[in-house]
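The figures that follow rest on heavy atoms only: side chains count, while hydrogens, waters and symmetry mates do not. Positions are given from 1 along the sequence.
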Amino acid sequence: MENGTVLLVDDEQGLLDLLTFTLRKFGIPNLLTATTAHEALELITRHDVSLIVLDVMLPDGDGFDVCRQIRTITEAPVLFLTAKNQDIHKITGFELGADDYITKPFNPTEVAARVQVHLRRMAKLQTLSKAVYDFGHFQLNKQSGQLIVQGREVSCAPMEFLLLAFFCEHPNFIFTVSELYEKVWRPYQEGDEKTVVIHISRIRKKIEPDPGQPQFLVNMKGLGYKLVKKARNVQ
């Protein structure tokens with residue numbers, strides 16, 4: 001996985017050339033490039049892509065819309081590359097399933113370093129222990145990378161899976177947002193603590209019978225979040 005295929009999507013050919021050169025210097029040789037949304041989606045359907053660096057502004061589509069379509073095809077990490085630095089754009093990206101956000105102008109070595117970190121994280125996901133956590137309503141299998149909810153497999157983005165796995169490993173323990181960020185995000189990437197709350201919301205939509213009244217992943221007001229081992233009144 002650390003030598004997986006990386007897809008670079010940007011309408012500036014010069015920038016693609018620069019990133020290609022830099023990533024290869026970092027020991028990432030398997031690269032694909034696209035300058036349009038259409039070309040990017042075609043490559044994703046034809047190749048086993050391990051990670052996608054995606055520009056938000058493309059000539060034939062909005063990167064956010066492209067990300068929605070990507071998530072119907074693959075759970076490969078998506079790193080948004082954009083000049084937009086407002087919090088609302090970051091939150092929108094994370095809610096759509098993005099894993100990281102890099103704003104222009106940037107240092108190409110920073111992009112390469114983040115790509116490396118995400119590929120290592122994906123490699124770790126593939127080598128996790130054989131533990132299977134059973135919470136009745138849902139099960140999480142670390143070896144296969146599967147989340148099963150009421151007998152049906154549910155798609156789970158990499159950081160969602162790592163966060164839920166961390167909770168499953170520490171049932172009934174309370175963690176602050178800051179602690180969750182340090183323990184789950186910090187080893188793999190720089191980012192923003194806001195993304196922790198966004199990912200918790202996305203996990204709830206997948207594992208809770210009623211996400212509006214969570215019974216598993218609960219907020220202990222003033223303390224933090226915990227995953228309840230035994231939830232009551234679950235059908």
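Considering CG of L54 and CG of L8, their distance stands at 10.5 Å, rounded to 0.5 Å. Atom CG of residue L51 and atom OG1 of residue T5 lie 10.5 Å apart, to the nearest 0.5 angstrom. Interatomic distance, OG of S155 versus CD of E75, reported as 3.0 Å (0.5 Å rounding). Atoms CG and CD1, on L180 and I174 in that order, are 11.5 Å from each other to the nearest 0.5 Å. One finds the NZ atom of K183 at 13.0 Å from the CG atom of L163 (value rounded to the nearest 0.5 Å). Rounding to the nearest 0.5 Å gives a distance of 4.0 Å between CD of E169 and OH of Y133.
Of all non-hydrogen atoms in G224 and N219, the two that sit nearest each other are O-OD1, 3.1 Å. Contact record, F80 with G63: CE2-O, 3.7 Å, taken as the closest heavy-atom pair. The heavy-atom pair separating L147 from F138 by the smallest distance is CD1-CD1, 3.9 Å. Of all the heavy atoms in I28 and A112, the pair that sits closest is CD1-O, 4.3 Å. The two residues P209 and F216 come nearest to each other via the heavy atoms CD-CE1, 4.0 Å. Summarising the geometry of S50 relative to G4, their closest heavy-atom pair is OG-CA, 3.3 Å, with the distance given to 0.1 Å.
Within 6.0 Å of NE2 in H38 there are 12 or fewer heavy atoms belonging to other residues, nucleotides or ligands. Heavy atoms of other residues, nucleotides or ligands lying less than 6.0 angstrom from CG of D210 number more than 12.
Partner of L81 under the side chain to side chain contact (heavy atoms under 4.5 Å, CB included) criterion, chosen from L19, T103, D100: L19. Here the rule is ring pair (Phe, Tyr, Trp, His ring centres under 6.0 Å) with F175, and of F166, Y225, Y181 only F166 fits it.
Listed for the H199 side chain is a donor-acceptor partner under 3.5 Å among the backbone atoms of T195. Checked by atom type and distance alone, the side chain of E179 pairs as donor or acceptor with a backbone atom of T176 at under 3.5 Å. Checking side-chain atoms of D99 against main-chain N and O of V78 turns up a donor-acceptor pair under 3.5 Å. N141 contributes no side-chain N or O that, together with a main-chain N or O of V132, makes up a donor-acceptor pair within less than 3.5 Å. Of the possible polar contacts, none joining the R114 side chain to the T109 backbone as a donor-acceptor pair under 3.5 Å is found. Put simply, the side chain of Q116 gets close to the backbone of F26: a donor and an acceptor are under 3.5 Å apart. Panel note: side chain R71, backbone T74; a donor-acceptor pair is recorded below 3.5 Å. The closest donor-acceptor contact from the side chain of R204 to the backbone of P214 lies at 3.5 Å or more, if one exists at all. A donor-acceptor pair under 3.5 Å is absent between the side-chain atoms of E208 and the main chain of Q213, judged by distance alone. A distance-only check finds no donor-acceptor pair linking the side chain of D11 to the backbone of T35 [under 3.5 Å].
Residues L43 and V49 fail the side-chain proximity criterion, which asks for heavy atoms closer than 4.5 Å. T45 has its side chain within reach of I73: a pair of non-hydrogen atoms, C-beta onward, lies under 4.5 Å apart. Looking at V228 and Q215, their side chains never come closer than 4.5 Å, going by heavy atoms from C-beta outward.
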| said: V111 vs F106, test: side-chain contact (heavy atoms from CB on, under 4.5 Å). Steps then yes/no. | reply: CA-CA 8 Å; V111 178; F106 57 82; 3.4 Å; yes
| task | I would like to know whether L164 and C168 meet side-chain contact (heavy atoms from CB on, under 4.5 Å); could you show each step before the answer? | result | CA-CA 6 Å; L164 182 55; C168 289; 4.2 Å; yes
| Check against side-chain contact (heavy atoms from CB on, under 4.5 Å), I52 and V9 | CA-CA 7 Å; I52 302 153; V9 187; 4.3 Å; yes
| task | Applying side-chain contact (heavy atoms from CB on, under 4.5 Å), run through F173 and L227 and close with a yes or a no. | result | CA-CA 7 Å; F173 280 80; L227 185 65; over 6 Å; no
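Under a hydrophobic-cluster definition in which Ile, Leu, Val, Met, Phe, Trp and Tyr are linked whenever side-chain heavy atoms come within less than 4.5 Å, directly or via other members, I148 and L162 are assigned to different clusters. Put simply, V154 and I200 are part of the same group of oily side chains (I, L, V, M, F, W, Y) that touch within less than 4.5 Å, one to the next. No chain of hydrophobic side-chain contacts below 4.5 Å, direct or via other Ile, Leu, Val, Met, Phe, Trp or Tyr residues, connects L15 to F21. No chain of hydrophobic side-chain contacts below 4.5 Å, direct or via other Ile, Leu, Val, Met, Phe, Trp or Tyr residues, connects L18 to L23. Using a 4.5 Å cut-off between side-chain heavy atoms of Ile, Leu, Val, Met, Phe, Trp and Tyr, with links allowed through other members, M57 and F64 fall into the same hydrophobic cluster.
Sequence neighbours left out, the pairs with a member in residues 148-163 that pass salt bridge (Lys or Arg N to Asp or Glu O under 4.0 Å) are E160-R202, E160-K206. Among pairs with a residue in residues 13-25, those fulfilling side-chain hydrogen bond (donor to acceptor under 3.5 Å, both in side chains) read Q13-D17, at least two apart in sequence or across chains.
Taking the charged nitrogens against the carboxylate oxygens, D10 and K104 do have a contact shorter than 4.0 Å, which makes a salt bridge.
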